[in-house]
Asker: 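Let me give you the structure first, and then I'll get to my questions.
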There are 2 protein chains.
Amino acid sequence: MSTTSHKPPVIGDVAREAGVSVPTVSRVLTGAARVSEEKRQRVLKAIERLDFRPSVTARALVARRPRLIAVLAGNTSRYGYAETIRGIEESARAAGYTVSITVVETADEEVVDSAVALVLNQPIAGIVVLKFDRPGVAALHRLPKSIPTVSISGVRETGVPQAVLNESDAAHELVEYLLDLGHRTVHHVRVPPSRKEDGRTTGWRRALIARGAEVPTPFDASWDPESGRIIGMELADRPEVTAVFCGNDEIAMGVIRGLYERGRSVPRDVSVVGFDDHPLARMWTPPLTTVDQDFAGLGSRAYGLLDGLIEGRKVRMFSVERPPIVVRESASPPRG
Amino acid sequence: MSTTSHKPPVIGDVAREAGVSVPTVSRVLTGAARVSEEKRQRVLKAIERLDFRPSVTARALVARRPRLIAVLAGNTSRYGYAETIRGIEESARAAGYTVSITVVETADEEVVDSAVALVLNQPIAGIVVLKFDRPGVAALHRLPKSIPTVSISGVRETGVPQAVLNESDAAHELVEYLLDLGHRTVHHVRVPPSRKEDGRTTGWRRALIARGAEVPTPFDASWDPESGRIIGMELADRPEVTAVFCGNDEIAMGVIRGLYERGRSVPRDVSVVGFDDHPLARMWTPPLTTVDQDFAGLGSRAYGLLDGLIEGRKVRMFSVERPPIVVRESASPPRG
DNA sequence: CTGAAAGCGCTAACAG
DNA sequence: CTGTTAGCGCTTTCAG
């Protein structure tokens, strides 16, 4: 006398349907022990007939460790973020983990706390926090120490294990390249920093100081290319500006556009370089000189560290990589 | 005599530490019933001291419905995908859901099945599948019917409830615009279609036929702008090509670059239009004429449908929006 | 208000 | 091989 309920079937329903005990069903489900072929078939049939799917929650409660990795980020769709997440997901998936994403919109306490609460409300094996911006940094600070956590950043910092792209060295090299071209100094348009100063800005500053060049006040852009365009228009009115180092390629494209709208040509009138090697950087006119950041690889390395933590292996605190600069056509010697 | 174990504390530990029963701890945790202020404080202290966090898995098993929404997509980092995911996550988070992402790399059966298995291996409340490509379509077909599912697409199709951006109408309008400018026909470079033909291509074809224009064979690009560049170079050698409608802005930018590298100018020599209104479309030289696709809104609408399904409300099968075209400077009347 | 008792759905340990 | 017996960690009756 089966009650036609509309709730999903449970293992007991299958057992009854197949005329076996619950553990026997479990055995065919997990393959943990041998079951006679006959009962096995009956069970399989019953499972099919009932469209039964074991409750992952119940399974998790009994034995299995969580197979979910949470990513906390200030953003998901901008190039660097999206690629980093892609790298994490790809590696995690290969290892049988699912990745969840929760964005931390601002660094406000409430916002951060509610995002963190959301994350902790899932059965997670570990957390990756993208520390590219203020919200990311804030989130990291609110996470309980008891959960395996790694961070991703553009600069080495103590705390949890960290995957980093050494941005300051790359920026340093890029600025030196500009200086070597003959520019007296290099102006800088930065993206929203994660703390006082990001690696890109630090590298720029150091290179300038090392060469005894003047260090101009940086311009502040948002993540929107449009903000770069506005700054580009301002820059167009300042003849002393001959070289500009932008915080990322999208901003560089905006800056170039702004310059162009004000009648200045790149690189003839002013050289502009970016950072990241966005897929469109090479399509731009002129093709952008920039730094090739392997974000997907970065995400992948972060997963590697996290996996070590989860498995209880001894993991090193840093996985650092030095991104190479890629010279194209948006920078040249200054005029005259 | 407390055993100093290194396993995370459970509710029983807290109860012992506070000198109360387990249900009492549970009551202060959930606020489900009144607890004397004194015991309440003792419990809170014990929780703090032990750094206890209730097992979400156990909680889920007892009562709570899953608070995880899975997104299945062929890709996560390309503009349209990333923005759509952002829209889903934003709405889901506002409603207290976390979003997981799993990529379906190809439409191969094994690949699709393992991605689907990964998703079903989490306690999920519902699924949204991005049906922008073959892998997405394939994944949708392998999903059990018993789980609330919605899809996102550029064209109306029967099946599960669906959020759609009416791409064919927009493409139709864009092609008409080009024809009105005086072009005899419009060539088409398409991105990888999700089925025989995508809405963008259908709209293009229909517009051409409606006007009695010749329908040239479309060119096939990948998602990589570089593939657009290659095609652009080919196009440069064909003087009969005066207008090109590209499957998305990134491809359009590649096409323009290829044309440019072969000495042709846009829009003077050939008009090129894109699709999506990528943030860089407006920065491009020339600024791209395109279709303004509200991907984030699309994701948000998809979440709305899914939420209805999860809550058991009656939900309509379609949430359709018609994206507007945005005229900028990459298209003009043909020369001569 | 509060403790004892009874599960949630599944797997593991233990006898046969 | 297979059924019975115990839980996993938490919430929810159900008596007091």
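Convention: sequence-line order gives letters A, B, ...; per-chain numbering from 1.
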Asker: Hey, does A:Ser21 reach any base, or is it just sugar-phosphate, or nothing, if we go heavy atoms under 4.0 Å?
Answerer: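 Base contact - A:Ser21 has a heavy atom under 4.0 Å of at least one base atom.
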Asker: Testing A:Thr84, A:Val103, A:Leu140 one by one against A:Leu130 for a side-chain contact (heavy atoms from CB on, under 4.5 Å), which residue passes?
Answerer: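 Running side-chain contact (heavy atoms from CB on, under 4.5 Å) over A:Thr84, A:Val103, A:Leu140 with A:Leu130 returns exactly one hit, A:Thr84.
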Asker: Round to the nearest Å and state the distance from B:Lys39 atom NZ to C:dC1 atom P.
Answerer: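 That distance rounds to 12 Å.
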Asker: Among B:Val10, B:Val35, B:Val43, which residue meets the side-chain contact (heavy atoms from CB on, under 4.5 Å) test with B:Val25?
Answerer: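 Option passing the side-chain contact (heavy atoms from CB on, under 4.5 Å) with B:Val25: B:Val43.
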Asker: B:Ser77 pairs by side-chain hydrogen bond (donor to acceptor under 3.5 Å, both in side chains) with which of A:Arg78, A:Glu83, A:Glu89?
Answerer: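 Result for side-chain hydrogen bond (donor to acceptor under 3.5 Å, both in side chains) with B:Ser77: A:Glu83.
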Asker: Please classify the nucleic acid contact of A:Val22 as base, sugar-phosphate, or nothing, using heavy-atom distances under 4.0 Å.
Answerer: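 Base: the residue A:Val22, judged by heavy atoms under 4.0 Å, touches a nucleobase.
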Asker: Would you indicate whether the side-chain heavy atoms of B:Val104 and B:Val112 approach each other to under 4.5 Å?
Answerer: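 Contact flag for B:Val112/B:Val104 side chains = yes.
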Asker: Heavy-atom nearest nucleotide on DNA chain C for B:Arg40 versus A:Ile11: which residue maps closer to 5'?
Answerer: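 Nearer the 5' end of the strand: B:Arg40.
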Asker: With a 4.5 Å cut-off on side-chain heavy atoms, are A:Arg142 and A:Glu109 touching?
Answerer: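 A side-chain contact under 4.5 Å exists here.
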Asker: At 4.0 Å (heavy atoms only), tell me whether A:Pro23 reaches a base, stays on the sugar-phosphate, or touches nothing.
Answerer: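 Base: the residue A:Pro23, judged by heavy atoms under 4.0 Å, touches a nucleobase.
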Asker: Picking from C:dA12, C:dG7, C:dA4, which would you name as closest to the side chain of B:Arg27?
Answerer: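 Looking only at heavy atoms from C-beta outward on B:Arg27, the closest nucleotide is C:dA4.
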Asker: Would you mind telling me which of B:Leu306, B:Leu165, B:Ile152 makes a side-chain contact (heavy atoms from CB on, under 4.5 Å) with B:Arg301?
Answerer: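 It is B:Leu165; the other options fail the test.
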Asker: Within less than 4.0 Å of OP1 or OP2 of C:dT11, is there a side-chain N or O belonging to A:Ser26?
Answerer: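 Affirmative; the distance criterion is met.
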Asker: What are the bounds, 5' to 3', of the part of DNA chain D that sits under 4.0 Å from heavy atoms of chain B?
Answerer: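 For DNA chain D, the relevant span reads D:dG9 to D:dT13.
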Asker: Write down the distance between CZ (A:Arg65) and P (C:dT11), rounded to a whole number of angstrom.
Answerer: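 Whole-Å distance recorded here is 16 Å.
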Asker: Whole angstroms only, please: what is the CG-C1' distance between B:Asn121 and C:dC10?
Answerer: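 Going from CG in B:Asn121 over to C1' in C:dC10 covers 14 Å.
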Asker: Would you say CD of B:Glu110 has more than 12 non-hydrogen atoms from neighbouring residues, nucleotides or ligands within 6.0 angstrom?
Answerer: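 Count not over threshold, so no.
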Asker: Checking all strands, does A:Thr30 fall into the base, sugar-phosphate, or nothing category for heavy-atom contacts under 4.0 angstrom?
Answerer: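 Sugar-phosphate only.
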Asker: Please state how far atom CZ in B:Arg59 lies from atom C1' in C:dG7, giving the value in whole angstrom units.
Answerer: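 Rounded to whole Å, this separation is 17 Å.
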